[in-house]
Student: 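Have a look at the structure that comes next, please.
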Amino acid sequence: MTDPSSEFAIELSGLRKTYRRGKKVTVAVDGLDLAVRRGEVFGLLGPNGAGKTTTVEVCEGLTVPDSGTVRVLGREWRAGRHDELRDRIGVCLQETKFHEKATVREIVQLFAACYVRGRTVDDVLQVVSLQEKAAARESTLSGGQRQRLAVATALVGEPELLFLDEPTTGLDPQSRRQLWDVVRSFKAGGGTVVLTTHYMDEAQQLCDRIAIVDHGKVIALGTPAELITSLGAEHFVEIDVDAFDGRLAAADLARLPDVQKCEIAGARAVLTVGSVHTVVPVLLRTLADRGVELRGLATRHATLEDVFVHLTGRHLREDSR
Amino acid sequence: MMRWRVVKAVATTTFREFWRSPDAVFWTYGFPLMMAVVLGFSFQPAPPPPVPVAVVAGARAGDLAASLRRNDRLLVEVLDAASADTALARGRVALVVRQGEVGVPIVRSDPTRAEADVARLLVEKALAPPSQYPAPVIASEVEDRPGARYIDFLIPGLVGLNLLGAGMWGIGFNLVQLRIQKLLRRLFVTPMRHGEFLFGFLLGRGILVLPEAFAIVLFGHLLWGVPFRGSPFAFLLLVGAGGLAFTGLGCLLASRVRSIEAIAGLMNLFQLPMWLLGGTFFGNERLEGVVRWAAEAMPLTHLNRALRDVILGPAGVVDVLIPATGLLGFAAVCFAVALRMFRWT
Ligand SMILES: Nc1ncnc2c1ncn2[C@@H]1O[C@H](COP(=O)(O)OP(=O)(O)OP(=O)(O)O)[C@@H](O)[C@H]1O
Ligand SMILES: [Mg+2]
């Protein structure tokens, strides 16, 4: 039964799920362990097909894993009726098409009717800023408004645990920030959130802790700051020059103090460094000494994207850089 | 234990979704009424139409044609030999008459055609000299009393057919639609129970079935005086049992399917034979062999027969208890299997 003293909202261990289509076997989740604490916003960050949705749907009781144990709010999905547990979770699936002839209010009302507890419909519409659209039919909503409607249906049962599967994909920056506010206020009210995303800025801004998932496994886990610190270097210095032409090699730059790594591609070099202010003066002097003309210089803070690239050699999203 | 609050919410949402799609409402409910009107007017009781015959042009063809025209049940035209043959071959005339060498006219027809015999008799009667005309031994009248016409046969069948359509398409098709749009998955992760959902869905979709059945009967009565002789309770019972039977079948077919093409195919597989053989448009008691077996196995056959007993004959609740129980049993089996197999995701 429920164990309110448990520190964890979700505990997953040894989770495995494969999909079979004919002879083709896809391993969606491959021995995944995870624990989500009560009251935190937990992010699953990973590229397309990493297994995020599968993992979340196992937690929601939608997908039955091949093996592994799943405890949600101290309970397992296997045992008989689930109404009591379902009453305590709110779900926003990656894609759901609601009744298109129904209005926003009517859709939220349908979901509200299912739960024992619950907030008023007006209240949740207010939270997701859809009050003006309350009487609009679903088919007339924009993509972002649909997404917010989906979140409203997840919130209306006043859940303890909220699952949001890519809640902001395809939203404009303003709608995204609005949704972030929804998540923050839900957390402020004591709720736990599990969200998936492949936006690293979203994970960084919103999540207390993040699991980076790739090929069905957790490859890194921690707070955004911890993950970035784990790189051992938190900044990047990028320089554009006229040409290196053998006057200067990557190894030469990598030997400079406080530089962890250097990669040269054409007339551009990217240095991974501990701190910008110690590296830049030395770097400029070295370039001048070798007669290399500097044409551009930029520095940036390391991001989760860099953590992912560092761990896998790939980018999170195909379209990023 | 079902929570009425949840059932009501599902039913209301489902009903609204349907009611707000005028095209769906028309095809489910307007179309059968329209079909009743069209078929009803095309099969009005009337004297039999005249039988077309050809006279081959030649000597004394005019006299021959004139004698034939004395019988107003014959539609006579004079054609040259080739055209007359073609007309017979194409079935435009039932028979060809030509003047014989020795005096008696020669009649040519294809005896495998149903109308050939009638035409022969009519020609024979027309050409007989008035002295040989037998005194009439019978007088004929057209059967046009309410309850015995084709429209009277058709109206109960249309009620049955409408239940079939509403139950199977209305329920089965839309369940698959909800599955495809992943709304079933979304509902699955709420505390809504399976029974609450299905019951609410059936209510929302089926609430209009009853008024529709009454509307068809009322239409038939107002337009053509189709009688209603049995017990309204028996009618209610049959509409309920039939509706549930087809709804159950719809649920069963839709319980696992994940594409519109598949559900459309499955529906047609079950619906088409029932349209053809279920006894809606013509009686299926005189079919033979496998076809007869198939017809007897169809819920629509039994529903239609019982509906006719109630609407046209004075059957009461007790008289339709057997078919009604059969239909309800069929529904129960369908629902039980459907619930076990049902795929939410
Ligand atoms: N129903 C299914 N049948 C077959 N394969 C599936 C099914 N669902 C998921 N997969 C496969 O499992 C893998 C993991 O999918 P999943 O949806 O969990 O990824 P994801 O991390 O959510 O990706 P995305 O960011 O694109 O949403 C993918 O390779 C996918 O093709
Ligand atoms: Mg996904």
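Proteins get letters first, then strands, A, B, ... in listed order; numbering begins at 1 in each. On a predicted model such as this, the values are computed, not experimentally measured, just so you know.
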Student: Heavy-atom cut-off 4.5 Å, strictly under: side chain, backbone, both or neither for Ser21(B) against chain A?
Tutor: both

Student: Any carboxylate oxygen within less than 4.0 angstrom of a Lys/Arg side-chain nitrogen, looking at Arg20(B) and Glu106(A)?
Tutor: yes

Student: Find the one option among Val6(B), Leu183(B), Leu187(B), Val10(B) whose heavy-atom pairs under 4.5 Å with chain A are most numerous.
Tutor: Leu183(B)

Student: Working to the nearest 0.5 Å, report the span between OG1 of Thr13(B) and CZ of Phe98(A).
Tutor: 11.5 Å

Student: How about Arg117(A): does its CZ atom have over 12 heavy atoms from other parts shown lying under 6.0 Å from it?
Tutor: yes

Student: Under 3.5 Å, is there a donor-acceptor pair between the side chain of Arg186(B) and the main chain of Thr96(A)?
Tutor: no

Student: Non-hydrogen atoms of chain B under 4.5 Å away: do they reach the side chain of Phe163(A), the backbone, both or neither?
Tutor: neither

Student: Are any side-chain N or O atoms of Glu17(B) and backbone N or O atoms of Glu100(A), one a donor and one an acceptor, separated by less than 3.5 Å?
Tutor: yes

Student: Does some side-chain heavy atom of Met192(B) sit less than 4.5 Å from a side-chain heavy atom of Arg86(A)?
Tutor: no

Student: Could you check whether any side-chain heavy atom of Lys182(B) comes within less than 4.5 Å of a side-chain heavy atom of Lys97(A), counting everything from C-beta outward?
Tutor: no

Student: Evaluate the side-chain contact (heavy atoms from CB on, under 4.5 Å) criterion for residues Arg16(B) and Lys101(A): first the C-alpha distance (whole Å), next the side-chain angles of each, then the deciding distance (0.1 Å), finally the verdict.
Tutor: CA-CA 7 Å; Arg16(B) 280 200 209 107; Lys101(A) 298 278 169 24; over 6 Å; no

Student: Flag the one option from Ala112(A), Cys114(A), Pro159(A), Ala154(A) with the top tally of heavy-atom pairs under 4.5 Å to chain B.
Tutor: Cys114(A)

Student: Give the C-alpha distance, both sets of side-chain angles, the deciding distance and a yes or no for side-chain contact (heavy atoms from CB on, under 4.5 Å) between Trp344(B) and Leu62(A).
Tutor: CA-CA 9 Å; Trp344(B) 289 84; Leu62(A) 252 179; 6.0 Å; no

Student: Considering residues, nucleotides and ligands other than Phe214(B), do more than 12 of their heavy atoms fall under 6.0 Å from its CZ?
Tutor: yes

Student: Is the count of non-hydrogen atoms from other residues, nucleotides or ligands lying under 6.0 Å from Phe26(B) atom CZ greater than 12?
Tutor: yes

Student: How long is the span from the NE2 atom in His99(A) to the CZ atom in Phe18(B), to the nearest 0.5 Å?
Tutor: 14.0 Å

Student: Please look at Ser139(A) and chain B and tell me whether the side chain, the backbone, both or neither of the residue comes under 4.5 angstrom of a heavy atom of that chain.
Tutor: neither

Student: Looking only at non-hydrogen atoms, find the nearest pair between Gly61(A) and Phe188(B) and report the distance.
Tutor: O-CE2, 3.5 Å

